[in-house]
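In what follows, a single structure is set out as structure tokens and then discussed.
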Protein chains: 2
Amino acid sequence: MDDVEVRELRYFRAVADELNFSRAATRLGIAQPPLSRAIRQLERRIGVQLFVRDTRQVALTPAGHALLAETSRVFDAVSAAVHRTRRAGRSTPSVVVTAKAGVATELLRRIVRGYAELPGAEQVEVVVSGYGEQAAMLRDGRADLAFIGSPAEYAGFDTEPLYSEPRVAALPAGHELASRATLSCRDLVGLPMPQWPDATPAERVYWAGRDYDLPTHGPEIRDSSQLLENVALGQTVGLIPSSLAEHNPRPDIAYRPVLDASPYTTVIAWPAGSTAPWIARFVQIASSQLVTTVIDGPSSP
Amino acid sequence: MDDVEVRELRYFRAVADELNFSRAATRLGIAQPPLSRAIRQLERRIGVQLFVRDTRQVALTPAGHALLAETSRVFDAVSAAVHRTRRAGRSTPSVVVTAKAGVATELLRRIVRGYAELPGAEQVEVVVSGYGEQAAMLRDGRADLAFIGSPAEYAGFDTEPLYSEPRVAALPAGHELASRATLSCRDLVGLPMPQWPDATPAERVYWAGRDYDLPTHGPEIRDSSQLLENVALGQTVGLIPSSLAEHNPRPDIAYRPVLDASPYTTVIAWPAGSTAPWIARFVQIASSQLVTTVIDGPSSP
DNA sequence: GTCATCCATACCCCGAGGGTATAAGCACGG
DNA sequence: CCGTGCTTATACCCTCGGGGTATGGATGAC
């Protein structure tokens with residue numbers, strides 16, 4: 001029925017990426033004829049044509065587009081299986097937790113310590129990763145748990161909210177809005193906003209507060225320090241969690257609370273439906289450590 | 001590196017299920033020696049031992065348990081890829097929407113009609129499926145969109161809430177609590193609650209309102225009509241969305257609002273991170289149709 | 001001790017996956 | 001209008017690995 005193999009999907013994706021059998025074959029390290037044959041076989045197995053190819057051009061059919069959209073889920077699942085199995089097979093299995101840099105360092109440390117004190121607890125490795133990397137690491141199995149922030153990253157995971165922070169606008173020191181004590185989302189409409197590289201449109205809407213039009217101009221941003229640098233240069237305006245502002249006091253940037261912006265919620269996330277025992281324990285520890293932690297910063301009404 | 005193939009994972013799961021190489025081989029339709037060899041090869045590829053086997057017994061190692069937990073994600077992903085590709089390859093591609101029986105029939109019909117009226121809209125197939133089936137259909141690609149209810153089913157999908165309903169308790173007509181006009185969660189503690197078959201512990205906690213201990217006794221339930229039958233027989237007590245109660249007036253069952261129970265939210269769900277254009281259109285239609293629909297029933301404070 | 005059960009080993013076979021050579025289709029330039 | 005270059009498809013061969021059968025070896029039941 002559907003004896004589709006991972007290798008065939010790898011071949012498919014190479015061709016779909018290159019839209020050229022010869023180049024794809026080179027990339028895969030095989031010759032072109034076997035690749036053509038493998039694709040034909042895949043098409044026969046699934047029962048639909050994936051490419052339209054004349055002798056000069058290769059293009060994806062609608063079915064091919066559909067398959068391309070699904071392949072990464074397969075690769076992620078296989079990769080996750082291998083990664084997690086290898087970790088579980090080590091003499092001292094460890095739980096890998098990933099978090100974005102700079103947010104809630106103290107809380108994270110306390111949670112990890114709390115977990116480590118449990119009887120029979122596995123070793124915990126904390127991996128600090130860049131913007132958007134947490135979700136990818138969770139998907140492909142390099143991590144078991146993640147502390148993530150922006151709502152759109154939650155997609156596809158089970159989550160437990162840890163805490164919410166109000167948002168502040170990061171403005172160039174001389175900006176006209178910096179003269180005001182507080183702001184509202186309305187004030188920010190039309191200003192250049194940072195463009196995150198992997199952000200889907202949905203995520204950008206979330207950042208902007210969901211009630212306003214999507215700002216489509218502003219510099220490409222990869223991490224928070226780059227964002228602040230761009231703000232200082234007057235290239236953009238940031239809508240950031242208050243803790244990030246507190247950890248980065250700068251004379252050339254003014255932080256002003258945005259009272260009606262959606263709060264920035266940090267959640268602990270793990271693969272959807274996972275029933276691993278340590279997850280339950282870790283999440284419980286995280287929640288219990290939480291109540292003893294006070295999140296400071298200006299409170300939104 | 002990780003040239004793990006789907007076939008090997010199928011073999012692995014068969015052995016993990018049976019914990020017996022010979023029976024697993026029979027189930028797979030192959031002989032036992034090639035199966036043993038395939039498992040060894042898989043162990044060599046991943047680099048960890050998956051089973052401890054003496055000549056009398058086979059058991060999973062911790063690594064084997066980890067792999068078993070991940071395999072279904074791989075099978076789902078492959079199955080989803082094949083299903084969706086086949087549908088996309090048909091001469092008239094269709095979008096498959098699945099929903100649980102009886103909930104929001106009118107709303108669903110209106111949404112589907114609204115979508116069908118869009119220029120260039122694909123044909124929409126609506127599949128009514130049993131309890132818990134919606135999530136499975138979304139995972140393995142038999143469906144593209146789902147209307148689902150209980151929070152634990154959301155796991156792993158992108159969602160957009162459609163509407164919330166208050167919860168009512170379904171009690172046997174003669175039950176002592178039936179004499180009261182309204183109830184609170186506290187009143188239900190200790191009563192037998194239905195046990196859904198595929199429910200993870202997390203889901204059961206959600207059903208109970210998340211603030212109370214998990215009730216572990218009560219009959220096994222597969223669908224809502226079975227639930228009501230069991231309530232009428234005095235076997236259990238249901239905590240159900242108000243619309244379900246309204247569609248099933250019965251003299252032998254008393255419905256009483258549970259004021260502080262978490263509301264029952266129906267959401268529209270689709271595979272996490274999917275960027276298919278019709279999903280955005282469909283969700284938009286669903287949201288816009290929503291505002292014209294009034295959800296009746298007792299309002300919770 | 002004998003037997004049954006079950007996994008591992010040994011050995012064979014064939015087909016699928018991969019390679020080379022080449023044909024065939026098509027755009028483009030002279 | 002005909003080469004030339006680029007690309008995919010076909011033909012053919014080879015090798016490796018997946019699958020089969022036969023059997024060994026370990027272990028628990030009786």
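Throughout, protein chains are lettered first and strands after them, A, B, ... in sequence-line order, and every chain is numbered starting at 1. Every heavy atom of this structure was used, including side-chain atoms; hydrogens, water molecules and symmetry mates were not.
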Taking side chain to side chain donor-acceptor pair (under 3.5 Å) as the test, write out the residues that go with R84(A), two or more places apart.
-> D144(A), E70(B)
Sequence neighbours left out, what passes side chain to side chain donor-acceptor pair (under 3.5 Å) with R23(A)? Give chain and number order.
-> E18(A)
Check the surroundings of atom CD in E125(A): do more than 12 heavy atoms from other residues, nucleotides or ligands lie under 6.0 Å from it?
-> yes
Does S36(A) make a side-chain N or O approach to OP1 or OP2 of dT8(D) shorter than 4.0 Å?
-> no
Return the value, rounded to whole Å, for the distance between atom CD of E5(B) and atom C1' of dG17(D).
-> 13 Å
Separation of dG17(D) atom P from R40(B) atom CZ, nearest Å, is 18 Å
Should E43(A) and R53(A) count as an ion pair when the cut-off is N to O under 4.0 Å?
-> yes
Are R142(A) and E133(A) close enough for a salt bridge, meaning some N to O gap below 4.0 Å?
-> yes
Output, in order, the C-alpha distance, side-chain angles, deciding distance and verdict of ring pair (Phe, Tyr, Trp, His ring centres under 6.0 Å) for F21(A) and Y11(A).
-> CA-CA 10 Å; F21(A) 279 74; Y11(A) 287 5; over 10 Å; no
Side chain to side chain donor-acceptor pair (under 3.5 Å) partners for D17(B), two or more places apart | R27(B)
Of the residues in residues 17-24 of chain A, which ones touch DNA chain C at a heavy-atom distance under 4.0 Å?
-> none
Any donor and acceptor pair, going by atom type alone, linking the side chain of R86(B) with main-chain N or O of I46(A) inside 3.5 Å?
-> yes
Check: V6(A) main-chain N/O paired with E5(B) side-chain donor or acceptor under 3.5 Å | yes
Scan nucleotides 20-30 of chain D nucleotide by nucleotide, 5' to 3', and note B when protein non-hydrogen atoms come under 4.0 Å of the base, S if they reach only the sugar-phosphate, - if neither.
-> BBB---BBS--
What integer distance in Å separates L35(B):CG from dG17(D):P?
-> 18 Å
Where does the chain A footprint on DNA chain C start and end, counting 5' to 3' with a 4.0 Å heavy-atom cut-off?
-> dG17(C) to dA27(C)
Touch check for Y11(B), heavy atoms < 4.0 angstrom, all strands: base, sugar-phosphate only, or nothing?
-> sugar-phosphate
Roughly how far, to the nearest 0.5 Å, is CD of Q134(B) from OG of S129(B)?
-> 3.5 Å
Between atom CG in L28(B) and atom P in dG18(D), what is the gap in whole Å?
-> 15 Å
Which word best sums up how the rings of F147(A) and F282(A) line up, parallel for under 30°, tilted for 30 to 60°, or perpendicular for over 60°?
-> perpendicular
